[in-house]
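Report on one structure; see the data block that follows.
Residue numbers count from 1 along this sequence.
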Amino acid sequence: MEPAESPVWKSEGKKAEAARVLSGILAQSPLGEPSMDALRLAFSRFYRERVRTPAPDCEKISANGVPGLLIRAPLTDGNKTVLFFHGGGFTIGSAEDHADLCLRLSAAAHAPVLSINYRLAPEHPFPAAAEDCLAAYRFALARAGAPGNLALAGISAGGTLVLATLVQARGLDLPLPPAAVCMSPATDLRFPGSSVINNRKTDWVTQARLDSLRAAYLAGGDPAQPLASPAFADLAGLCPLLVQSGTGELLLSDIEAFVERARSQGVAVRYEPWPYLFHCFQIFSKLLPQSLAAVESAGAFLRAALAGNETLNP
């Protein structure tokens, strides 16, 4: 589904609807909390109050020692799995916070979603999260029985970790999945794109937040490390990707540059820039029809890959 051809929105129009939801997010955003513990608690409360639906069918699971949730929508194919990495700038967020998004993705992909709680910075700086995601990928590969039964997805920092996992797996000669989805990934932790300035009035994430998460995650390390910033990785040979962004988000320019670089290295990339939307808009499917349409598009992409469809055209 192309963003421009998504279903008809409410009569006030897509731009006004997105602006209304963004205004509500900004009014309740907990980004100003004074400590990491307070920020994590505030974001969990924020998700619970504005995003979560009733608790999905899920079970606690350990993926090679990495805790997570296996979330199943009704009528899913238990032989397939989507391994999901949550967002939160490498410092906050959890599988529990993203359970609603994972439930919707499970329904759209017709497959259970295994969402993990990788270690968070600053307590566990880079490369701890990437190591946990690779460990979970090994677990999911073994559980799937065949690489074709497994796909990857992630949002924000989780989208970054999807790419880091693929790069690590390829380097270790592990089988790659048939497809992966990256929603609003942070592709260059230098954050050099012009949209960091140009879109500051159309996003709820701030430049100060980007700077703080980079400092916490890298602990003084080089942001140009390939596993930290996929923009610097060798991408040749990766599986087909679906990359989604909002045209109003701070990371837009960096995401666009990554898409072009991946395509130049032979990666099949389907890119969906969703008009007027902000960072991690897919989380807000309960509030925006555009967000739900994007999740359904991602699910359809994964469903086709897991069914063995080899015509995942960019």
query = Between Phe90 and Leu218, is any pair of side-chain heavy atoms under 4.5 Å apart?
reply = no
inquiry  = In this structure, would Tyr276 and Leu252 fall into the same cluster of hydrophobic residues linked by side-chain contacts under 4.5 Å?
reply    = no
query = Without hydrogens or angle criteria, can the side chains of Arg214 and Ser229 be said to hold a donor-acceptor pair below 3.5 Å?
reply = no
note = Here the pair of heavy atoms bringing Leu306 nearest to Ala111 is CD1-CB, 4.0 Å
Contact summary for Ala228 and Pro223, nearest pair of heavy atoms = CB-O, 4.5 Å
key: Heavy-atom pair of closest approach, residues Ser245 and Ile255   = CB-CD1, 3.8 Å
ask   = Where the side chain of Arg303 meets the backbone of Ala107, is there a donor-acceptor pair that is under 3.5 Å apart?
value = no
message = Side chains of Asp97 and Ser44: any donor to acceptor distance under 3.5 Å?
response = yes
task = Just do the salt bridge (charged side-chain N to carboxylate O under 4.0 Å, His left out) check on Glu59 and Arg72 with the steps written out, would you?
result = CA-CA 9 Å; Glu59 71 175 280; Arg72 303 180 185 87; 2.5 Å; yes
remark   = OG1 of Thr187 to CZ of Phe232, rounded to nearest 0.5 Å, is 9.5 Å
inquiry  = If you compare all heavy atoms of Thr160 against all heavy atoms of Ala186, which two are closest, and at what distance to 0.1 Å?
reply    = OG1-O, 2.7 Å
query = Do Leu292 and Phe284 share a hydrophobic cluster (ILVMFWY, side-chain heavy atoms under 4.5 Å, transitive)?
reply = no
key: Chi angles and distances behind the side-chain contact (heavy atoms from CB on, under 4.5 Å) call for Cys239, Leu166   = CA-CA 8 Å; Cys239 63; Leu166 293 173; 3.9 Å; yes
For residues 134-145, which side-chain donor-acceptor pairs fall under 3.5 Å, sequence neighbours excluded?
from	atom 1	to	atom 2	distance (Å)
Tyr137	OH	Pro175	O	2.5
Arg143	NH1	Thr81	OG1	3.0

task = Identify the heavy atoms of Lys80 and Pro112 that sit nearest to each other, and give their distance.
result = O-CD, 3.1 Å
query = Partners of His279 by ring pair (Phe, Tyr, Trp, His ring centres under 6.0 Å), sequence neighbours excluded?
reply = none
request  = Calculate, to the nearest 0.5 Å, the distance between atoms CD and OG belonging to Gln207 and Ser212 respectively.
outcome  = 11.0 Å
request  = Supply the atom-to-atom distance Leu250 CG to Thr206 OG1, rounded to the nearest 0.5 angstrom.
outcome  = 7.5 Å
ask   = So, for Leu69 and Lys60, which heavy atoms are closest and what is the spacing to 0.1 Å?
value = CD2-CG, 4.0 Å
task = Could you label the plane-to-plane angle of the Tyr217 and Phe126 rings as parallel, tilted or perpendicular, counting under 30° as parallel and over 60° as perpendicular?
result = perpendicular
Residue pair Val167 / Pro226, side-chain heavy-atom distance below 4.5 Å = no
message = With a 4.5 Å cut-off on side-chain heavy-atom distances among I, L, V, M, F, W and Y, is there a chain of contacts connecting Leu161 to Val267?
response = yes
message = Rounded at 0.5 Å granularity, tell me how far CG in Leu176 sits from CG in Leu150.
response = 10.5 Å
ask   = Going by atom types alone, do Gln282 and Gln244 pair a side-chain donor with an acceptor below 3.5 Å?
value = yes
Distance, nearest 0.5 Å, that separates CG of Leu105 from CD of Glu296 = 10.5 Å
task = Say whether Ile92 and Leu26 are linked into one hydrophobic cluster, either directly or through other cluster members, by side-chain heavy-atom distances under 4.5 angstrom.
result = yes
key: Heavy-atom side-chain proximity of Pro192 to Asp254 below 4.5 angstrom   = yes
inquiry  = How long is the straight-line distance from CG of Leu238 back to OG1 of Thr165, given to the nearest 0.5 Å?
reply    = 11.0 Å
request  = Kindly indicate, with the supporting measurements, whether the criterion side-chain contact (heavy atoms from CB on, under 4.5 Å) is fulfilled by Phe258 and Val269.
outcome  = CA-CA 10 Å; Phe258 172 82; Val269 183; 5.9 Å; no
request  = Give the intermediate values and the outcome of side-chain contact (heavy atoms from CB on, under 4.5 Å) for residues Arg40 and Leu120.
outcome  = CA-CA 11 Å; Arg40 289 170 181 164; Leu120 299 176; 3.8 Å; yes
request  = Please indicate whether Ile197 has more than 12 foreign heavy atoms, meaning atoms of other residues, nucleotides or ligands, lying under 6.0 Å from its CD1.
outcome  = yes
request  = With the side chain counted from C-beta on, respond yes when Asp77 and Asn149 share a heavy-atom pair under 4.5 Å apart, and no when they do not.
outcome  = no
Aromatic plane relationship, Tyr118 with His86 - under 30° parallel, 30 to 60° tilted, over 60° perpendicular = parallel
inquiry  = Among Asn117, Ile116, Ile61, exactly one meets side chain to side chain contact (heavy atoms under 4.5 Å, CB included) together with Val66. Which residue is that?
reply    = Ile116
task = List the steps, then state whether side-chain contact (heavy atoms from CB on, under 4.5 Å) holds for Phe84 with His98.
result = CA-CA 10 Å; Phe84 181 85; His98 289 66; 4.1 Å; yes
Any residue meeting ring pair (Phe, Tyr, Trp, His ring centres under 6.0 Å) with Phe191, in chain and number order, not counting sequence neighbours = none
key: Passing candidate, side chain to side chain contact (heavy atoms under 4.5 Å, CB included) with Leu277, options Asp203, Leu288, Thr247   = Leu288
Min side-chain heavy-atom separation Glu17-Pro289 under 4.5 Å = yes
request  = On the 0 to 90° scale, with breaks at 30° and 60°, tag the Tyr47-Phe43 ring pair as parallel, tilted or perpendicular.
outcome  = tilted
